[in-house]
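Input: a single structure, listed below in structure tokens.
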Amino acid sequence: MARRGLAAVAGGAAVAAALPWLLDDFLVSLALSCLMYVALATSWAMFSGATRYVSLGTSAFFGLGAYVSAWTVAAAPWPVVIAGGALIAAAFAGLAGLAILHLRGTYFAVLTFGMSELTRHAVTYGEKQYAGTVGRVLTVAPSSRTVYLTVLAIAVAAVGVAVVVRGSRFGLALIGIGADEQRAQTLGVPTRRVKVAGFALSAAFAGAAGAAMAVRWTYIDPTAVFNPFIGLQTVLIAIVGGPLSLTGPLLAALVFSLLAEFLRLQFPYAYLIALGILLIVAVLYLPQGLAGLWQTRARAERPTAAR
Amino acid sequence: MMRVLAIALVAALVLVGASLDTSAQSDAPPIKIGYAISRTGPFAPGAQATQEPSYILWAEQVNAAGGLNVKGQKRKIELVSYDDRSEVETIVRTFEKLMVTDKVDLILPPWGSTANFAVAPLADKHGYPVLAPTALSMKLVDMKLPNFFSMLPQPYVLMAAAADMLAANGVKTVAVIYMDDVFGLENIAAFEPAVKAKGIEIVDKKSYPLGIKDLSPVLRAIKDKNPDAFVGLTYPPDTILASKQSKEIGFNPKVFFTAVGTAFPLYKQVMGADSDGVSGIGSWSVKTSPAAKAYFDAHVKRFQKEPDRWASAHCWAGLQILQAAIEKVGMDRKAIREYIASNEHATIIGPVRFKGSEIQFPGTVGQWVGGDFEVVWPANRATAKLVVPKPAWK
Amino acid sequence: MTTPALAARSVVVRFGGLTAVDGVDLDVDDRTVVGIIGPNGAGKTTFFNALSGLVTPASGRLFVGGADLTGKPAHVFARAGIARTFQTPRVFADMTVAESVRFGLEFAGRRRRAERASLAEVPAILDFLGLADSAALPARAVTPARQRLLEIGMALATRPRILLLDEVAAGLTHAEVEKVARLVHRCRDELGLGVVWIEHAVAVLLDAVERVLVLHQGRKLAEGIPSAVARDPLVIEAYLGDGAAEARP
Amino acid sequence: MRLWIELVVSGLITGGIYALVAMGLNLQYGLMRILNVSHGEFLMLGAYLTYWAYLVMHLSPFVFLPPLLVGLFVVGLVVHRLCFRRLAETTPEVEAFEARSLLVGFGLMFVVQNVALLVWGADLRGYQYLAGTVSIAGVGFTANRLVAFAAALVLGLGLIAVLRATLLGRAVRAMMQSPTGALLVGIDVRRLHPAVFGVGLALAGAAGALLSMVFEISPSMGEPYTVTALIVIALGGFGSVTGSLLGGLLLGVVEAIGMHLTSPSLKMVLSYGVFMLVLITRPNGLFVR
């Protein structure tokens with residue numbers, strides 16, 4: 001399974017990598033948005049889907065990545081900037097995880113939301129106090145093609161890592177924690193370590209995505225990059241896709257981004273109403289998410305059964 | 001599976017792109033002018049108060065008159081507009097669509113500094129001139145983008161005018177609050193040296209975050225220091241909040257100045273007679289020129305609401321400049337850009353010209369006088385006489 | 001004297017103001033079956049939670065194979081060879097029976113205990129329990145009795161030294177209970193495990209264990225061979241308030 | 001001393017509204033595990049309807065309050081029937097239900113917010129009602145803030161009284177502790193749940209009506225109140241309506257004093273910091289013994 005999955009990821013990535021040479025700027029941008037949400041939703045589902053620790057904190061990691069980019073892009077090579085965004089986000093998630101991963105369910109969801117708002121305001125305050133500004137202008141920026149390929153690489157890495165994790169003991173531990181945390185612990189899973197590591201790993205992708213996307217906007221401020229909607233939309237996509245499946249969030253990221261864009265451009269005044277209704281209908285009538293549509297297949301693909 | 005997905009993605013992308021290709025055919029092809037602006041999200045109140053109505057009104061007026069005169073041919077305007085959801089990434093993507101996919105003839109800017117920061121370099125890259133009525137940041141001007149023109153005077157101009165006005169009216173002490181964002185920070189940075197140069201002492205200086213719901217603790221502390229003037233470098237909700245709460249605690253400085261939103265008709269609606277004597281950023285009134293009056297009346301007729309007395313008219317002036325440029329040099333964007341950059345333009349806010357990205361327009365101060373918002377500073381722009389001290393809250 | 005496989009010394013567990021376990025000692029050696037009985041609320045399950053590391057005792061010490069594990073998280077206990085089941089089966093509902101068993105092997109059961117004759121393969125464990133024909137079913141779909149067996153299977157997959165069984169016979173028919181008792185003995189004899197078995201239905205237990213410990217209101221009331229404990233007046237009195245009929249073997 | 005009185009009273013006034021917003025949300029969450037993130041949207045709806053009634057029909061917000069409460073109650077019944085009933089039937093497992101009801105909430109948020117946009121436009125709006133200043137012990141307060149506070153308190157205490165004094169109310173409270181208890185007391189959950197959901201929306205609407213007298217309104221005004229409600233609920237404890245009342249008042253006072261002692265810029269850092277700290281260290285709320 002893991003090998004087949006990775007091969008499929010490579011195939012998809014090859015096609016996506018050719019897009020900047022085939023399509024115009026707008027369609028490439030649209031593809032970029034899709035890829036961003038592929039990266040965010042897949043990495044989210046890798047941790048939150050498996051463990052059922054529903055995190056609304058993706059925007060915190062995304063925003064931190066964006067700020068790392070703003071701080072360093074003029075001085076450091078591009079790969080270092082991206083890696084920096086990923087590392088800072090992961091380190092932050094690790095520390096935050098140590099403090100909050102003992103609470104489950106709604107508590108965790110609300111806490112992660114609070115964490116991302118707290119981060120936003122703390123960055124605002126810190127920037128104002130120590131840099132005398134809240135927003136930052138990024139005049140040195142790599143070409144949009146570079147940004148696209150970078151986000152593609154992040155998305156591919158997110159999917160690839162999700163596939164590998166799914167087939168690994170680490171992934172099994174995450175699923176065990178989601179099924180019954182105490183039980184998993186009594187079977188020898190070091191739950192705390194696994195949770196913190198999983199949370200940090202998933203945050204790394206959001207941080208990298210934030211670092212890559214920020215340079216597109218010339219100017220970033222906390223309101224834009226810590227926008228809670230980034231986190232909410234990620235959760236929404238992952239759950240609509242089917243948080244326990246691999247392909248579900250991926251597919252939902254594409255469907256959702258394209259659908260939202262299509263509705264926005266076709267019905268400029270009422271599209272969010274349509275989107276809201278579609279979302280409600282999807283939640284009510286697809287209890288397993290989009291992945292439920294090919295449920296039987298997904299079952300056969302379960303890694304532990306296949307091995 | 002993944003390969004199928006990837007192909008499906010490409011197909012869907014192309015489909016979305018193709019389905020949105022809105023090309024209308026007619027004998028005299030219309031001029032396609034595109035923009036994305038906030039109809040939803042946090043930027044929407046600002047965008048809908050000061051910007052999009054003017055775009056719509058302008059296109060309607062031009063079309064009612066038969067269209068724009070382009071090289072002897074009357075061509076109508078076709079607006080291609082989208083909601084930008086107040087999201088920077090969506091703004092970038094939509095403007096790419098407008099310029100690259102839709103290949104519109106011209107674009108109109110989005111609302112607010114953040115959005116213009118994202119759009120200005122993009123428009124410059126594709127060679128589209130932009131006349132931005134709601135971008136207020138020296139950082140943007142300092143990028144020296146040839147195709148970017150700011151229709152608003154920058155903070156150092158605005159704040160210098162405010163400081164002049166304060167000094168001329170015998171203000172010795174001032175308390176100031178400002179918002180924690182690019183608007184507040186750039187303005188406070190300009191305000192401090194401006195008042196210090198005039199020998200005015202800042203007795204209190206406090207910043208506050210977006211979305212604040214209670215300023216009374218701050219205002220009470222300020223009241224205790226009894227400054228001659230109060231200056232709020234505020235946005236509409238906080239402008240009104242600061243006013244209401246100053247009234248609540250009976251804080252009556254000689255000059256009460258608040259920034260964005262003071263010039264909104266909403267201000268008078270919620271403050272009633274208390275609006276009298278409140279000053280703020282504003283640059284025009286119906287008395288400024290007959291053209292301004294005509295704009296005002298047309299706006300009220302079309303939208304059943306008044307335009308604000310600051311950026312709305314700058315927005316309209318930008319559209320006037322664009323119109324003049326098209327009728328003078330045709331649809332060549334390079335020529336339009338040159339025309340804008342190198343001429344003086346007659347607009348409803350008076351004659352303006354550009355130096356780099358910056359509009360050459362004096363800083364002004366407005367005030368609610370006798371139930372209307374008037375320009376009161378400097379004297380040569382004034383449409384009414386400045387009232388100092390401000391009458392106490394009723 | 002050799003070090004016991006599991007030793008609890010004056011273990012105290014408190015919840016807020018309530019003392020659920022109050023100074024209990026217990027030694028368990030390899031290849032023995034120890035029973036713990038006591039009326040409802042005696043602190044049996046809480047004591048198990050302490051023995052498996054799920055709750056940290058307020059005072060007292062826990063030794064596994066001589067090593068002091070007091071205060072360590074539950075997975076350390078699992079890796080040290082303490083396996084347990086839960087009163088209401090806590091199987092991984094969405095996993096198959098085989099996957100559930102594999103889970104234990106992947107974690108605590110991963111380390112080889114060369115000196116033990118433990119079961120190291122999923123099929124071997126399923127065969128041992130007679131669950132082979134359910135291997136591919138989701139855990140949620142098998143009968144409650146089989147879920148109990150699966151619980152034991154998951155525990156065995158950690159390749160333990162000590163097996164803690166929490167009311168594995170509750171609600172079963174007489175014939176099923178007999179089978180469980182045989183299974184417990186096989187764990188002792190074939191796998192060399194030390195077993196601690198909590199049961200509310202005392203009659204079943206007294207027949208199957210070598211030594212029994214009686215808990216009452218968190219304290220150890222009596223300890224000894226079943227026949228002696230069953231005649232202990234203190235024990236009988238404790239059970240009178242809770243259904244004396246059950247207490248007689 | 002006068003300053004402190006001012007700060008505390010000012011904080012209490014803000015906190016009263018916080019409490020009212022939080023109580024409705026907490027009622028829904030406590031009883032049904034629906035964390036309705038569109039709560040603020042219904043608050044916004046209440047605000048707009050009140051504004052509209054005032055402007056078009058010249059009705060005082062207080063005259064309009066009873067029909068508004070009834071109206072939003074009915075909206076609540078309909079929303080529950082259309083969305084949450086089916087969800088509860090198809091998703092018996094609590095954690096999954098919570099996650100999915102969160103998504104339904106987002107859907108509702110999109111719908112309600114944009115319906116308001118279509119109807120009223122995006123502009124900031126407001127009106128003048130009881131804008132005069134009242135002096136209490138030498139400290140001035142705008143009449144509408146005092147009145148709004150009083151109304152919030154009356155509604156909040158009224159709700160608590162109903163929950164404590166009536167049989168049905170006590171059953172609701174019992175169920176908020178243990179959902180299975182409903183079956184034992186023989187309560188018809190299929191009727192009770194929509195009703196309580198409706199009450200939650202009605203309370204949100206009432207809060208919106210009161211807020212519209214004090215603050216300007218816009219279609220996107222609701223979200224921050226949802227967030228504040230969450231903070232208050234965390235302070236007072238999930239599922240504890242009385243806790244929400246106290247938590248709201250406490251948060252208002254803490255913010256006012258904190259803002260005075262530090263800087264308004266730190267206000268948000270402060271609120272979220274307190275919120276995180278309380279959740280991490282006392283997940284059941286500050287007022288649980």
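Chain letters run A, B, ... following the sequence lines, proteins first and then strands; every chain starts at 1. What you are looking at is a predicted structure, and each value in this text was computed from that prediction instead of being measured.
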- When rounded to the nearest 0.5 angstrom, what is the spacing between CZ in D:Phe238 and OG1 in A:Thr106? 6.0 Å
- Query: Can you name the closest pair of heavy atoms from A:Leu284 and D:Arg86 and give their distance?
  - Reply: O-NE, 3.2 Å
- Of the backbone (N, CA, C, O) and the side chain (C-beta and beyond), which part of D:Leu108 lies under 4.5 Å from a heavy atom of chain A, both, or neither? both
- Message: Under 4.5 Å from any heavy atom of chain A, what part of D:Leu87 do you find: side chain, backbone, both or neither?
- Response: both
- Query: Do D:Phe110 and A:Ile273 touch side chain to side chain, with heavy atoms closer than 4.5 Å?
  - Reply: no
- Task: Could you tell me whether D:Glu98 and A:Arg52 make a salt bridge, using a distance below 4.0 angstrom between a side-chain N and a carboxylate O?
- Result: no
- Item | Flag side-chain contact, heavy atom, 4.5 Å: D:Asn284 against A:Tyr107 | yes
- Counting heavy atoms not belonging to A:Trp71, are there more than 12 under 6.0 Å from its CH2? yes
- Message: Counting only non-hydrogen atoms closer than 4.5 Å, does D:Ser265 touch chain A with its backbone (N, CA, C, O), its side chain (CB onward), both, or neither?
- Response: both
- Item | A:Arg120 portion near chain D, given a 4.5 angstrom heavy-atom threshold | neither
- Student check: side-chain heavy atoms of A:Glu117 and D:Met268 closer than 4.5 Å: no
- Query: For D:Glu223, is it the side chain, the backbone, both, or neither that has a heavy atom closer than 4.5 Å to a heavy atom of chain A?
  - Reply: side chain
- Note on the structure: Among A:Val281, A:Val110, A:Ile100, A:Val54, the residue with the most heavy-atom pairs under 4.5 Å to chain D is A:Val110
- CG (D:Leu279) and CZ (A:Phe108) are apart, to the nearest 0.5 Å, by 12.0 Å
- Message: For D:Phe84, which atoms come within 4.5 Å of any heavy atom of chain A: side chain, backbone, both, or neither?
- Response: neither
- Part of A:Tyr53 within contact of chain D (heavy atom distance under 4.5 Å): neither
- Note on the structure: Looking only at D:Gly107, D:Ser271, D:Gly273, D:Gly105, most heavy-atom pairs under 4.5 Å shared with chain A are made by D:Gly107
- Message: Among A:Ile277, A:Leu279, A:Leu272, exactly one meets side chain to side chain contact (heavy atoms under 4.5 Å, CB included) together with D:Val111. Which residue is that?
- Response: A:Ile277
- Task: Working to the nearest 0.5 Å, report the span between CG of A:Leu232 and CE of D:Met109.
- Result: 6.5 Å
- Tell me, for A:Phe113 versus chain D, whether the close heavy atoms (under 4.5 Å) come from the side chain, the backbone, both or neither. side chain
- Item | Heavy-atom pair count under 4.5 Å with chain D, highest-scoring of A:Leu236, A:Leu111, A:Ile239 | A:Leu111
- Item | chain D contacts, top residue of A:Gly105, A:Ala99, A:Ala270 (heavy-atom pairs, under 4.5 Å) | A:Ala99
- Message: Using a 4.5 angstrom heavy-atom cutoff, name the option from D:Val227, D:Val269, D:Val94, D:Val112 with the most pairs to chain A.
- Response: D:Val269
- Query: In terms of ring plane angle, is the pair D:Tyr272 and A:His121 parallel, tilted or perpendicular, where the classes change at 30° and 60°?
  - Reply: parallel
- Contact part of D:Ile280 toward chain A, heavy-atom cut-off under 4.5 Å: side chain, backbone, both or neither? both
- Message: Rounded at 0.5 Å granularity, tell me how far OG1 in D:Thr90 sits from OH in A:Tyr285.
- Response: 9.0 Å
- Side chain, backbone, both or neither: which part of D:Phe106 has an atom under 4.5 Å from a heavy atom of chain A? both
- Task: To the nearest 0.5 Å, tell me how far A:Ile237 CD1 sits from D:Leu103 CG.
- Result: 11.0 Å
